[in-house]
Amino acid sequence: MHDYYADLHIHIGRTWKGRPVKITGSKTLTLENILKTATMKKGLDIVGIIDCHSPEVLEEMAALVEANQLIALEGGGLRFESTTLIPGVEIEVNDANCKGPLHVLAYFRSMETICTFSNWMSNHITNINLSTQRIACDALTLQHKVHELGGLFIPAHVFTPFKSAYGKGVEKSLAEVFDMDQIDGIELGLSSDTDMVKGIQELEKYTYVTNSDAHSLGKMAREYQKIRLEEPTFDELKKALKEEDGRAIVENYGLNPLLGKYHETACADCGFRTTEIPCPNCGGKHLTKGVSVRIKELSTQDESSRERPPYIHQIPLDFIPGVGKKTMEKLLATFGTEMNILHVISREELETVVPEKIADLIDKGRKGELSLVMGGGGAYGKVKKPHK
């Protein structure tokens with residue numbers, strides 16, 4: 001068995017022909033740039049790219065396969081240099097059982113199955129070329145199709161106030177919308193962690209995944225997980241989500257939930273952190289309920305009966321004061337990848353490249369020991385700048 005780093009929620013901003021996929025995604029967030037960044041800068045062993053349904057993305061994947069730059073793996077997935085691509089899709093659901101729109105992730109074993117799914121989905125959405133489109137079928141039909149094709153089905157960022165299962169889609173239980181036996185994992189999202197959700201009894205049976213939901217190359221691996229597998233393939237990932245044969249997620253790495261932009265309740269009009277109506281800052285009469293509040297509403301027990309892997313509160317390098325573009329270039333030129341910097345390189349080695357003060361901040365950031373300013377109302381929290 002070996003340990004692998006995986007980020008399973010990365011968007012594509014543009015196709016190789018320059019057409020938009022995720023409209024809010026960076027123009028540099030192309031399939032090839034994602035794969036090169038994952039391999040050469042981030043040090044990710046597995047990436048889930050969740051806009052692979054788009055026909056022009058499928059064309060580019062086919063061209064990379066033809067050029068032997070993407071190699072289909074016997075255990076599922078496609079290898080680009082030292083990184084495995086798991087092709088996937090993010091979809092919006094808002095059927096008759098939903099209280100509001102929610103997002104789900106689906107992953108597939110091969111080019112053939114993602115192509116088959118894309119062709120099926122094109123009959124149920126308005127624009128197959130774009131990311132995260134609303135599907136004109138119910139959640140159960142979607143789930144059953146994903147599983148019919150041997151895929152994995154994971155509700156996305158389940159607690160965020162907008163377009164998530166608990167944040168918008170259901171009142172009390174995922175069973176209001178989904179077949180609970182056909183959920184393969186739960187994506188926690190940036191404003192929650194394992195400890196926060198230990199009181200939600202119906203989640204006990206599911207493995208938690210922590211992913212970046214990256215809309216730019218720099219945001220890749222702001223959350224990720226360490227997975228114990230025999231090899232980095234789709235089949236092994238599927239076993240890890242079910243904790244079969246020694247495969248498992250062994251550590252989750254994510255932002256401290258205080259940094260999440262929807263952690264605390266805030267005024268929907270101005271973003272001011274408050275639970276009062278009208279807002280004392282602007283007089284607004286609408287609140288965005290914080291993830292922390294929503295989780296408390298759903299909690300029915302004090303402790304989880306399931307032993308969970310450690311959840312490491314880790315500050316992404318680009319959140320750390322003093323770690324700008326030039327500093328990152330120096331660090332990567334010396335130590336290779338961000339995973340090396342975060343997991344392998346000692347503080348003493350860091351000090352050979354950056355000033356002692358910045359080395360100290362990086363070391364504390366990777367241990368979750370930095371002071372934070374809380375996020376909420378659509379604004380991310382921040383790392384407090386140290387006193388001079």
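Count residues from 1 along the sequence.
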Exercise. Might you work through the side chain to side chain contact (heavy atoms under 4.5 Å, CB included) test for Glu230 and Glu236, ending with a clear yes or no?
Key: CA-CA 7 Å; Glu230 201 165 85; Glu236 290 282 305; 3.2 Å; yes
Self-check item: Gln225 side chain to Asn211 side chain, donor-acceptor N/O pair below 3.5 angstrom
Solution: yes
Quiz item: Salt bridge or not for Asp318 and Lys219, using N-O below 4.0 Å?
Solution: yes
Practice problem: Over 60° means perpendicular and under 30° means parallel, so classify the ring planes of Tyr253 and Tyr224, tilted if in between. | Solution: parallel
Quiz item: Do we see a donor-acceptor contact under 3.5 Å between the side chains of His157 and Glu187?
Solution: no
Quiz item: Thr265 and Arg294: side-chain donor and acceptor closer than 3.5 Å?
Solution: no
Self-check item: Pairing of Asp184 and Lys238 as salt bridge, 4.0 angstrom limit
Solution: no
Quiz prompt | CA sep, side-chain torsions, deciding dist, call: Ile295, Phe159, side chain to side chain contact (heavy atoms under 4.5 Å, CB included) | solution = CA-CA 7 Å; Ile295 288 173; Phe159 300 107; 3.7 Å; yes
Exercise. Measure the acute angle between the ring planes of His2 and Tyr4, then classify it against the limits of 30° and 60° as parallel, tilted or perpendicular.
Key: perpendicular
Quiz item: If we ignore angles and hydrogens, is there a donor and acceptor under 3.5 Å between the side chains of Glu90 and Ser131?
Solution: no
Quiz item: Does Lys326 pair with Glu329 as a salt bridge, N-O distance under 4.0 Å?
Solution: no
Quiz item: Can you find a side-chain donor-acceptor pair between Ser191 and Lys261 that sits under 3.5 Å?
Solution: no
Exercise. Drop me the distance from Ile12's CD1 to His215's NE2, to the nearest 0.5 angstrom.
Key: 12.5 Å
Practice problem: Indicate yes or no: does Lys36 engage Glu81 in a salt bridge with an N to O separation below 4.0 Å. | Solution: no
Exercise. Under the side chain to side chain contact (heavy atoms under 4.5 Å, CB included) rule, what do Val344 and Met339 come out as? Steps first, then yes or no, please.
Key: CA-CA 7 Å; Val344 178; Met339 291 301 114; over 6 Å; no
Quiz item: What distance do Ile320 atom CD1 and Ile362 atom CD1 have between them, rounded to the nearest 0.5 Å?
Solution: 5.5 Å
Quiz prompt | The single option from Leu31, Thr30, Leu29 passing side chain to side chain contact (heavy atoms under 4.5 Å, CB included) against Asn33 | solution = Thr30
Self-check item: Between Glu60 and Thr15: side-chain donor-acceptor atoms closer than 3.5 Å
Solution: no
Table please: side-chain donor-acceptor pairs of residues 283-292 below 3.5 Å, with sequence neighbours left out.
unit_1, atom_1, unit_2, atom_2, d
Lys289, NZ, Glu297, OE1, 3.2
Lys289, NZ, Glu297, OE2, 2.8
Ser292, OG, His263, O, 2.9
Ser292, OG, Glu264, OE2, 3.3

Quiz prompt | Lys/Arg-Asp/Glu bridge criterion (N-O < 4.0 Å) met for Asp235, Arg109 | solution = yes
Quiz prompt | Presence of salt bridge, Arg306 and Glu243, under 4.0 angstrom | solution = yes
Exercise. Would you please indicate if the ring centroids of Phe178 and Phe153 are separated by under 6.0 Å?
Key: yes
Self-check item: SB check Glu251 Lys226 (cutoff 4.0 Å)
Solution: yes
Quiz item: Nearest 0.5 Å, what's the CD1-CD1 distance between Ile86 and Ile10?
Solution: 11.5 Å
Quiz item: Phe117 vs Trp120 aromatic rings, parallel, tilted or perpendicular, using cut-offs 30° and 60°?
Solution: tilted
